[in-house]
S.K.: 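Okay, here's the structure, questions in a sec.
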Amino acid sequence: MSNNQKIALVTGATRGIGLETVRQLASAGVQVLLAGRDANKAAVAAQQLSGQGLPVESIALDVTSAASIAAAADEVAKKYGRLDILINNAGVFIDDFAKAPSEQSLETWRDTFDTNLFGVVATTQAFLPLLRESQAGRIVNVSSGLGSLTLHSDPASEIYDIKVPAYNISKTALNGWTVHLAYELRATPIKVNAIHPGSVKTDMNSSGELDIVTGAKSSVEMALLDDAGPSGSFVHLGEVLPW
Ligand SMILES: NC(=O)c1ccc[n+]([C@@H]2O[C@H](COP(=O)([O-])OP(=O)(O)OC[C@H]3O[C@@H](n4cnc5c(N)ncnc54)[C@H](OP(=O)(O)O)[C@@H]3O)[C@@H](O)[C@H]2O)c1
């Protein structure tokens with residue numbers, strides 16, 4: 001690995017948008033740590049890509065486990081001493097579509113927030129010291145258009161009737177965290193942005209309209225932002241979305 005090769009870590013990268021994000025970043029010459037909560041699954045996924053000559057290696061990281069996050073950050077610190085790109089991609093969708101917003105169980109709310117919000121905050125806190133060692137740190141929070149309160153309040157919006165509250169509001173909160181962290185880091189080279197991948201056909205979204213290659217593009221674009229790029233924004237394929 002050359003000294004100026006960027007190092008990225010993508011959480012929840014064993015399948016779906018995360019796995020494709022790893023492939024695209026590695027194809028762009030970035031050294032990528034493919035993180036998965038199941039170490040074996042992550043190793044198999046990483047080997048498939050490294051077998052194609054891509055600079056990919058696996059790392060175990062369950063974003064709901066403080067011990068797992070600490071061990072992963074320690075591993076990266078010892079091996080590389082810095083991190084240039086953190087993509088908080090891991091996410092769950094466990095709302096019951098058959099239930100009204102007021103009927104989703106508290107367990108659903110808690111489990112969703114554990115991964116989609118607290119998992120992101122905890123992972124970011126652990127890797128921030130390593131991102132500060134980068135000359136141009138980038139944090140990408142994989143949010144969703146479903147987190148937009150502006151769109152949810154607009155009867156003309158395509159998402160108006162998709163009121164699955166635990167998932168949607170976990171992404172609204174993730175957007176809020178993005179704005180707060182971008183503010184904290186405004187005088188540093190680190191940029192923090194939220195993205196909406198689009199409605200992408202994956203295990204999470206069987207009715208997705210976009211293919212997975214397109215679905216990973218927003219994450220990759222914001223990961224590879226140059227110094228003139230935005231921080232504290234919410235975007236999809238280069239277009240700014242309403243909060
Ligand atoms: N697909 C869409 O249309 C869409 C739209 C908007 C936003 N998003 C967001 O895009 C991201 C990726 O979604 P996807 O569609 O690719 O979903 P997916 O195919 O269900 O993949 C989710 C990934 O997250 C991982 N994960 C779940 N809990 C985890 C944990 N505690 N620690 C680490 N990894 C964990 C899963 O790992 P395992 O393999 O171990 O289960 C899997 O790799 C999510 O944040 C999602 O909310 C997706």
Side-chain angles (χ1 to χ4, degrees), residues 9-24 32-46 48-49 58-73 86-95 108 110-124 126-127 139-148 151-152 158-159 162 164 166-175 177-178 193-220 222-223 234-237 241:
L9 185 147
V10 183
T11 68
T14 46
R15 57 196 167 94
I17 295 166
L19 179 59
E20 175 59 19
T21 302
V22 171
R23 194 190 65 74
Q24 290 185 23
V32 192
L33 303 169
L34 183 160
R37 59 179 158 180
D38 178 326
N40 289 331
K41 220 167 144 180
V44 169
Q48 275 178 357
L49 294 173
S58 67
I59 187 164
L61 204 179
D62 179 340
V63 304
T64 62
S65 159
S68 171
I69 294 168
L86 172 64
I87 303 195
N88 289 305
N89 170 82
V92 292
F93 178 99
I94 47 185
D95 289 78
T108 295
R110 288 203 170 105
D111 289 349
T112 303
F113 270 66
D114 271 348
T115 302
N116 295 7
L117 180 68
F118 305 138
V120 174
V121 175
T123 302
T124 305
F127 282 95
I139 299 171
V140 180
N141 292 330
V142 180
S143 180
S144 170
L146 290 173
S148 169
L151 297 179
H152 270 297
E158 277 180 8
I159 67 159
I162 312 177
V164 277
Y167 180 82
N168 293 353
I169 297 166
S170 73
K171 298 297 189 180
T172 310
L174 178 60
N175 286 351
W177 161 245
T178 302
N193 289 289
I195 68 100
H196 167 50
S199 174
V200 186
K201 200 166 183 56
T202 62
D203 294 341
M204 186 184 283
N205 182 5
S206 57
S207 56
E209 291 143 24
L210 296 182
D211 61 53
I212 214 147
V213 172
T214 310
K217 278 192 177 153
S218 298
S219 290
V220 173
M222 298 316 272
F234 180 30
V235 299
H236 168 63
L237 295 175
L241 299 180

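Note that ligands are numbered from 1 as they come in the structure, with each ligand's atoms numbered from 1 the same way.
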S.K.: Is the closest side-chain donor-acceptor distance between D95 and T112 under 3.5 Å?
M.R.: no
S.K.: Report the member of G198, S199, G12, S144 with the shortest heavy-atom distance to atom 4 (C) of ligand 1.
M.R.: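 Residue with the shortest heavy-atom distance to the ligand atom: G198.
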S.K.: So, applying side chain to side chain contact (heavy atoms under 4.5 Å, CB included) with I87, which one of V142, I195, T11, V220 is it?
M.R.: V142
S.K.: Find all atoms of ligand 1 within a distance of less than 4.0 Å from any non-hydrogen atom belonging to V92, and give their numbers and elements.
M.R.: 27 (C), 28 (N)
S.K.: Residue-level breakdown please: for S65 versus ligand 1, do any non-hydrogen atoms fall below 4.0 Å on the side chain, on the backbone, on both, or on neither?
M.R.: neither
S.K.: Taking L237's backbone N and O only, do any of them form a donor-acceptor pair with S218's side chain (distance below 3.5 Å, no angle check)?
M.R.: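 Yes; at least one donor-acceptor contact below 3.5 Å.
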S.K.: For atom 17 (O) of ligand 1, what's the nearest protein heavy-atom neighbour? Residue, atom name and distance, please.
M.R.: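 Ranking protein heavy atoms by distance from atom 17 (O) of ligand 1, first comes M204 CB, 3.5 Å.
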S.K.: If you measure from CD1 on I169 to CG on L117, what distance do you get to the nearest 0.5 Å?
M.R.: 12.0 Å
S.K.: For V142, take its heavy atoms, then give the atoms of ligand 1 lying under 4.0 Å from any of them.
M.R.: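 Per the distance check, 9 (C), 10 (O), 11 (C), 45 (O).
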S.K.: Just to confirm my output: which protein heavy-atom neighbour is closest to atom 33 (C) of ligand 1, and how far is it?
M.R.: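 Checking every protein heavy atom, the shortest distance to atom 33 (C) of ligand 1 gives L61 O, 3.4 Å.
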S.K.: Spell out, as yes or no, whether a donor-acceptor pair under 3.5 Å connects the side chain of H196 to the backbone of H236.
M.R.: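 No; judged by distance alone, with no hydrogens or angles, the pair does not exist.
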S.K.: Looking only at heavy atoms of K171, does any of them come nearer than 4.0 Å to an atom of ligand 1?
M.R.: yes
S.K.: S68: heavy atom below 4.0 Å from ligand 1, yes or no?
M.R.: no
S.K.: Would you compute the distance between atom CD1 of I17 and atom NZ of K217 and round it to the nearest 0.5 angstrom?
M.R.: 13.5 Å
S.K.: Does ligand 1 have a heavy atom under 4.0 Å from the side chain of N205, from its backbone, from both, or from neither?
M.R.: side chain
S.K.: First locate atom OG of S144, then atom CG of L241, and finally report the distance between them rounded to the nearest 0.5 Å.
M.R.: 9.5 Å
S.K.: What protein heavy atom sits nearest atom 35 (C) of ligand 1, and how far off is it?
M.R.: A90 CB, 3.6 Å
S.K.: Here's a test for you: under side chain to side chain donor-acceptor pair (under 3.5 Å), which of T178, N89, N175 qualifies with N141?
M.R.: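 Going through T178, N89, N175 one by one, the side chain to side chain donor-acceptor pair (under 3.5 Å) with N141 is satisfied by T178 alone.
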S.K.: Looking at K201 and S206, would you say the former's side chain and the latter's main chain have a donor-acceptor pair under 3.5 Å?
M.R.: yes
S.K.: What is the closest protein heavy atom to atom 14 (P) of ligand 1, and at what distance does it sit?
M.R.: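 Nearest protein contact, heavy atoms only, for atom 14 (P) of ligand 1 is T202 OG1, 3.7 Å.
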S.K.: How far is atom 36 (C) of ligand 1 from its nearest protein heavy atom, and which residue and atom name does that atom have?
M.R.: R15 NH2, 3.8 Å
S.K.: For atom 3 (O) of ligand 1, what's the nearest protein heavy-atom neighbour? Residue, atom name and distance, please.
M.R.: V200 N, 2.7 Å
S.K.: Side chain, backbone, both or neither: which applies to Y167 and ligand 1 if a contact is any heavy-atom pair less than 4.0 Å apart?
M.R.: side chain
S.K.: Do the side chains of L146 and K171 get nearer than 4.5 Å, heavy atoms only?
M.R.: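 Side-chain contact under 4.5 Å: no.
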S.K.: Do we see a donor-acceptor contact under 3.5 Å between the side chains of T214 and D211?
M.R.: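 Result is yes, a qualifying pair exists.
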S.K.: Name the one of N116, T124, T123 that satisfies side chain to side chain donor-acceptor pair (under 3.5 Å) with N88?
M.R.: T124
S.K.: Closest non-hydrogen protein atom to atom 22 (C) of ligand 1, residue and atom name please, with distance?
M.R.: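 Among all protein heavy atoms, the one nearest atom 22 (C) of ligand 1 is G91 O, 3.8 Å.
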S.K.: Among all protein heavy atoms, pick the one closest to atom 43 (O) of ligand 1 and tell me residue, atom and distance.
M.R.: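 Result for atom 43 (O) of ligand 1: T14 OG1, 2.7 Å.
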S.K.: Do D114 and T64 pair up side chain to side chain, a donor and an acceptor below 3.5 Å, judged on atom types alone?
M.R.: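 No.
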S.K.: Just to be sure I read this right, does ligand 1 sit under 4.0 Å from the backbone of K201, its side chain, both, or neither, counting only heavy atoms?
M.R.: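 Under 4.0 Å from ligand 1, K201 contributes no heavy atoms.
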S.K.: Looking at ligand 1, does P197 have a heavy atom less than 4.0 Å from it?
M.R.: yes
S.K.: Hey, looking at atom 30 (C) of ligand 1, which of I17, D62, T112 has the closest heavy atom?
M.R.: D62
S.K.: Out of all atoms in ligand 1, which are within 4.0 Å of some heavy atom of G16? Include the element for each.
M.R.: 16 (O), 19 (O)
S.K.: When you measure from atom 44 (C) of ligand 1 to each heavy atom in N89, V63, I87, T64, which option holds the nearest one?
M.R.: N89
